[in-house]
Structures are given as structure tokens and as C-alpha cells.
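In what follows, a single structure is set out as C-alpha cells and then discussed.
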Amino acid sequence: MIKGRVHSIETFGTVDGPGIRFIVFMQGCPLKCKYCHNRDTWDAKGGKEYTTDELITEVLKYSSYMKFSGGGLTVSGGEATLQPEFVAELFAKAKKNGIHTCLDTSGFVDIDKIDPILDNTDLVLLDLKHMIDDKAKDLTGVTIQKTLKLAKHLDERNIPVWIRHVLVPGITDDRENLEALGKFVSTLNNVDRLELLPYHTIGVHKWESMGIEYELKGVPDATPEDIKKASQVLKEFGVEVFNK
Ligand code: SF4
């Protein structure tokens, strides 16, 4: 049986998908986001090994809460698609048990790798980190092109998506980026929600405790006013930002 490396589990998640959710944070990430609040997930060799049966047994303990709240299982990370066979098997078992499945991903994955996961995915949370490729590379270490390709593929497969974009003052809140985001999202037919997540420095301590320098030191948290301004730019493209 396939084993997956898991960083941690949250049994009552309320922000990564609808309702109350069992969240599995997978270990390992090929990105290097400067604002990462889960810096300790990057090392693919870390975490703890689980089989999909072990996880499903845990998930089912919470199935009444999930069903009552319209929730389910979310697999996040790190980057969940770095262990595609494991997540595909986990989602297939979840669906057999009538559990709603949600995949939280940066989208930095090849289509043929993710397709078997998508066969049993009800919702994708897709992070569009920066629409201008040079700046995306600077912020995350990788191109945005794979993510954009995946977004189009999800539209073709008619899989519902929540787009998420972290608003970082001075880095992702410029008009050029937001216009590109609005333009792109307006071409998709499967987007149920676009969330602007305000940048915050909550995860900085993880970098410090690992003895790694945090490059965005001095960048302020995004304010409600920043979110409002960015939302207005997106609105010009017919894209409504979801406010919690
Ligand atoms: S994709 Fe997520 S886990 Fe990976 S570096 Fe970026 S923020 Fe961190």
C-alpha cells in the first residue's frame, strides 16, 4: 500500500474549503514562497508516514460534523500534488465514503500527474501567486505558467475552483498584477469564489526557529483598505472578491 508523508493534521478546519473540514497538510513543496507560513513543510523527507486507510479511518470519525456543516476533507501542504498517487488513492476512498473532497494547490504540477486526483475532487483551491512571470519567479522560485495551464484545464473539466491570491503590500498589490489577475479570472467559467488573502507575518517565527532568514522582513501586513483597493481593480473586470 502507498504511504504518504504528512506534515500535520487539523480536525476542525474552517478556512480551507466549505464547512468544517478535516485537513491533511502534506509534507514537501517545490516552491519557495518568500511569505510561506509553513516553512517547515518544504523538506520532502520530513513529516510522518501514513497509509490512506489510516487517514480515512481518522477522517470518518468526524464525518457527522462534516456532513452537518457541508464540510469534508481538504488536502493541502506543502504541495499536495507532490505525492499524487497517495492523494489520488485518498480522495478515491473519501468519495467511496461520501466525503466531499477539496484539493489546495499552488498548481505547480503537470496535468497528467494531477488528473487521477481530479477524478475524485469536488473543489480545487488554486493559489495564483503572481500573474507577472518574472515577479512570480522572484516571489516563489517558479513560473506561474503551469498554474495558469491547470486553471484552464480545470475549467475544461468543469471542476469548481476557488481562486486565492495573497495580497502582499508592494509585491502583489500593483495594478499591473491585479489587472492581469482580473482579466485571466474573467475568462474562466468554473470560479465559484475569488479570495484575496491579506499578507500577514504570523508564520515568520517558523523561519526564525529554523535559523533561516525571512526575506520579507519589514513588509507590513495588508490592511482592510489594501484589500478594498485591490477588490475595486478586480471589479473592473467583472470579478467579485469574496469577503468573509
Ligand atoms: S506553495 Fe505553500 S507551502 Fe509551498 S512555499 Fe508556497 S506558501 Fe509555502
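Note that the structure is predicted; figures quoted are calculated from it, not measured. Counting starts at 1 for both ligands and their atoms, in listed order.
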Inset, instruction - Quick one: look up the protein heavy atom nearest atom 8 (Fe) of ligand 1 and list residue, atom name and how far away it is. - result: Cys36 SG, 2.3 Å
Legend entry - Partner of Leu188 under side chain to side chain contact (heavy atoms under 4.5 Å, CB included), chosen from Leu126, Asp155, Leu194: Asp155
Inset, instruction - Could you tell me if any non-hydrogen atom of Lys129 lies under 4.0 Å from any atom of ligand 1? - result: yes
Legend entry - Heavy atom of Thr41, distance to ligand 1 below 4.0 Å: yes
Legend entry - Residue portion contacting ligand 1 (non-hydrogen atoms closer than 4.0 Å) for Trp42: side chain
Inset, instruction - Identify the two heavy atoms, one from Pro18 and one from Trp162, that lie closest to each other, and give their separation to 0.1 Å. - result: N-CH2, 3.6 Å
Inset, instruction - May I ask you to check whether Tyr65 and Phe12 place their ring centres under 6.0 Å from each other? - result: yes
Legend entry - Carboxylate-amine/guanidinium contact Glu156 Lys152, below 4.0 Å: no
Inset, instruction - Have a look at Arg157 and tell me which of Asn190, Thr121, Asp119 forms a side chain to side chain donor-acceptor pair (under 3.5 Å) with it. - result: Asp119
Inset, instruction - Look at Cys33 and state whether any of its N, O or S atoms is less than 2.8 Å from atom 4 (Fe) of ligand 1. - result: no
Inset, instruction - Provide, to 0.1 Å, the distance between atom 4 (Fe) of ligand 1 and the closest protein heavy atom, together with that atom's residue and name. - result: Cys29 SG, 2.3 Å
